[in-house]
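So the structure is just underneath, and the comments pick up after that.
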Amino acid sequence: MPELPEVETVRRGLEIAMAGHTLIKVQQRRPDLRRPFPPFFADRLTGRKIVALRRRAKYLTIDLDDGNVLLIHLGMSGRMLVGPISEAPFDKHDHVVFDTSNGQRVIFNDPRRFGVMDLFEAKDSHPLQHIGPEPLGEDFTAKALAARIKDKISPIKVVLLDQSVVAGIGNIYASEALFRAGIAPDRAACDIKKKEIEKLVPAVKQVLEEAIAAGGSSLKDHRQTNGELGYFQHSFKVYDREGLPCPDCRCKEGIRRMTQGGRSTFYCASKQR
DNA sequence: AAAGTTGCCTGCAAGC
DNA sequence: TGCTTGCAGGCAACTT
């Protein structure tokens with residue numbers, strides 16, 4: 001599910017429900033997700049006040065009043081759903097349940113279980129150190145991106161998915177940004193010209209901002225915290241549109257699909273060069 | 001069958 | 001030569 005816009009959408013929903021409130025009850029309903037929960041996970045969270053909810057790349061980081069930080073990754077199919085505390089039965093894939101002092105219940109549901117939850121001390125070295133600049137931040141500039149890709153012989157699409165190059169871009173928005181910038185996804189990153197990088201950086205920022213404004217993209221699993229779908233999938237120009245006409249040109253072939261690094265890439269061979 | 005992610009494993013190449 | 005390091009590519013984790 002979640003790339004930067006989806007995680008940011010979830011962060012905003014959780015902030016409204018949880019910021020400034022105390023976790024009065026935490027239920028861990030299975031021993032592991034993609035990896036085991038840390039020891040005494042629920043006990044260490046119970047009674048803690050939530051100071052701030054932040055996002056780094058595709059991770060949520062929740063600052064607690066004891067100096068610890070709750071780290072959450074939604075994997076492929078993770079959802080965070082907010083509702084009132086109730087007696088309703090849980091779903092099979094409701095793995096973690098947070099009840100707050102303002103009567104809210106936040107349920108982490110993740111059928112594929114590729115998600116992660118962990119706890120670390122804020123004063124320790126941050127476990128997300130290797131991650132590159134936030135694409136919506138001021139330091140993500142054409143110059144900065146150029147410096148990070150100048151030695152990379154991998155295709156630009158694959159490089160955009162590398163979280164150490166730029167944070168938070170996944171399979172959907174990599175294809176969409178390259179389409180907007182008019183760059184062919186299979187070109188070696190080191191061969192992309194300065195002028196083209198100067199188109200790519202604003203294309204990345206623009207597509208991510210538009211997607212956040214739309215509540216993210218719901219292909220299948222993504223939900224906002226109120227359970228509603230995101231709706232940016234209706235604005236895709238290439239993603240999952242193989243065989244459909246290119247929205248920007250009159251080429252005969254339309255949108256094509258290829259596999260790069262084991263994952264689908266969608267593009268227009270005529271517009272993107 | 002393929003899916004929005006991550007990180008581990010392997011193999012190879014380069015550098016010392 | 002042989003060791004280490006770092007890419008780059010493939011795959012596994014799981015359910016629908």
Side-chain angles (χ1 to χ4, degrees), chain A residues 1-11 29-37 55-61 71-80 91-96 108-118 127-132 135 148-178 185-191 204 207-208 211-212 214-224 229-243 257-266:
Chain A
M1 170 214 358
E3 305 183 30
L4 186 154
E6 291 74 36
V7 179
E8 179 61 23
T9 298
V10 169
R11 190 199 68 77
R29 305 186 68 250
R30 54 169 297 125
D32 57 11
L33 297 170
R34 187 165 78 211
R35 51 181 207 235
F37 286 89
R55 179 192 56 73
R56 177 78 174 101
K58 303 171 193 171
Y59 291 86
L60 295 164
T61 61
L71 179 77
I72 299 176
H73 195 284
L74 301 175
M76 288 280 268
S77 59
R79 295 175 181 171
M80 297 288 266
D91 178 87
K92 177 166 63 154
H93 304 299
D94 288 345
H95 303 314
V96 184
F108 173 70
N109 179 288
D110 184 14
R112 291 181 72 180
R113 225 184 304 137
F114 288 2
V116 169
M117 287 208 192
D118 206 350
L128 273 27
Q129 285 291 352
H130 69 285
I131 291 178
R148 284 174 180 272
I149 69 177
K150 70 175 170 38
D151 296 326
K152 303 221 175 266
I153 59 174
S154 295
I156 184 65
K157 154 70 167 17
V158 173
V159 169
L160 286 178
L161 297 182
D162 181 343
Q163 300 298 295
S164 70
V165 171
V166 53
I169 298 176
N171 209 35
I172 293 174
Y173 300 106
S175 283
E176 291 293 320
L178 287 169
D186 55 351
R187 287 181 49 204
C190 56
D191 290 343
V204 166
V207 73
L208 296 176
I212 291 169
S217 301
S218 290
L219 270 60
K220 195 166 182 297
D221 296 312
H222 170 60
R223 290 286 130 79
Q224 306 191 49
L229 300 170
Y231 52 90
F232 191 72
Q233 65 278 12
H234 303 302
S235 301
F236 290 169
K237 293 178 187 280
V238 290
Y239 187 84
D240 205 17
R241 296 180 58 79
E242 183 179 15
R257 185 174 77 90
M258 69 175 155
T259 300
Q260 294 182 288
R263 320 195 52 196
S264 289
T265 301
F266 299 88

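Note on naming: letters A, B, ... go to the chains in the order of the sequence lines (proteins, then strands), and numbering restarts at 1 for each one.
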Keeping A:R56 on the side-chain end and A:L60 on the backbone end, is there a donor-acceptor pair under 3.5 Å? no
Under 3.5 Å, is there a donor-acceptor pair between the side chain of A:D110 and the main chain of A:G115? yes
Between A:K92 and A:R34, who's closer to the 5' end of DNA chain C by nearest nucleotide? A:R34
Please compare A:V158 and A:K220 by the position of their nearest nucleotide in DNA chain C and report the one closer to 5'. A:V158
Of the nucleotides [options], which has the atom closest to the [X] side chain?
| X | options | answer |
| --- | --- | --- |
| A:H93 | C:dA8, B:dT6, C:dT16 | C:dT16 |
| A:L219 | B:dG4, B:dG7, B:dA3 | B:dG4 |
| A:N171 | B:dT6, B:dA3, B:dT5 | B:dT5 |
| A:P111 | C:dA8, C:dT15, B:dT6 | C:dT15 |
| A:R263 | C:dA13, B:dG4, B:dA3 | B:dG4 |
| A:F114 | C:dT16, B:dT5, C:dT15 | B:dT5 |
| A:S154 | B:dG7, C:dG9, B:dT5 | C:dG9 |

Heavy atoms under 4.0 Å, any strand shown: does [X] hit a base, just sugar-phosphate, or nothing?
| X | result |
| --- | --- |
| A:L33 | nothing |
| A:G262 | nothing |
| A:Y173 | nothing |
| A:R35 | nothing |

Please state whether the phosphate of [N], meaning OP1 or OP2, lies under 4.0 angstrom from any side-chain nitrogen or oxygen of [X].
| X | N | result |
| --- | --- | --- |
| A:H73 | B:dT6 | yes |
| A:S264 | B:dA3 | yes |
| A:K58 | B:dT5 | yes |

Over how many whole Å does the gap from [X] atom [atom1] to [N] atom [atom2] extend?
| X | N | atom1 | atom2 | answer |
| --- | --- | --- | --- | --- |
| A:I172 | B:dA3 | CD1 | P | 11 Å |
| A:D151 | C:dC7 | CG | C1' | 11 Å |
| A:L74 | B:dT6 | CG | P | 10 Å |
| A:F37 | C:dA13 | CZ | P | 19 Å |
| A:E6 | B:dA3 | CD | P | 16 Å |
| A:R79 | C:dT15 | CZ | P | 16 Å |
| A:Q163 | C:dC7 | CD | C1' | 17 Å |
| A:I156 | C:dA8 | CD1 | P | 12 Å |

In whole angstrom, give me the gap between the [atom1] atoms of [N] and [M].
| N | M | atom1 | answer |
| --- | --- | --- | --- |
| B:dC9 | C:dC14 | P | 16 Å |
| C:dC11 | B:dA1 | P | 16 Å |
| C:dA8 | B:dG4 | C1' | 23 Å |

A:L74: which of A:E3, A:M80, A:R79, A:H222 passes side chain to side chain contact (heavy atoms under 4.5 Å, CB included): A:M80
Tell which nucleotide pairs with C:dG2, taking only Watson-Crick or G-U wobble pairs whose two distances are both under 3.5 angstrom. B:dC16
Could you identify the nucleotide paired to B:dG11, looking across every strand shown and requiring Watson-Crick or G-U wobble geometry with both distances under 3.5 Å? C:dC7
Nearest atoms (heavy-atom pairs only) where A:L71 meets A:Y59: CD1-CD2, 3.7 Å
Let's test your reading of the model: under 3.5 Å, does the base of C:dC14 pair with the side chain of A:R112 as donor and acceptor? yes
Check the orientation of A:Y173 and A:F232. Use parallel for under 30°, tilted for 30 to 60°, and perpendicular for over 60°. tilted
Drop me the distance from A:L128's CG to A:Q163's CD, to the nearest 0.5 angstrom. 10.0 Å
Is a side-chain donor-acceptor pair under 3.5 Å present for A:Q224 with A:T9? no
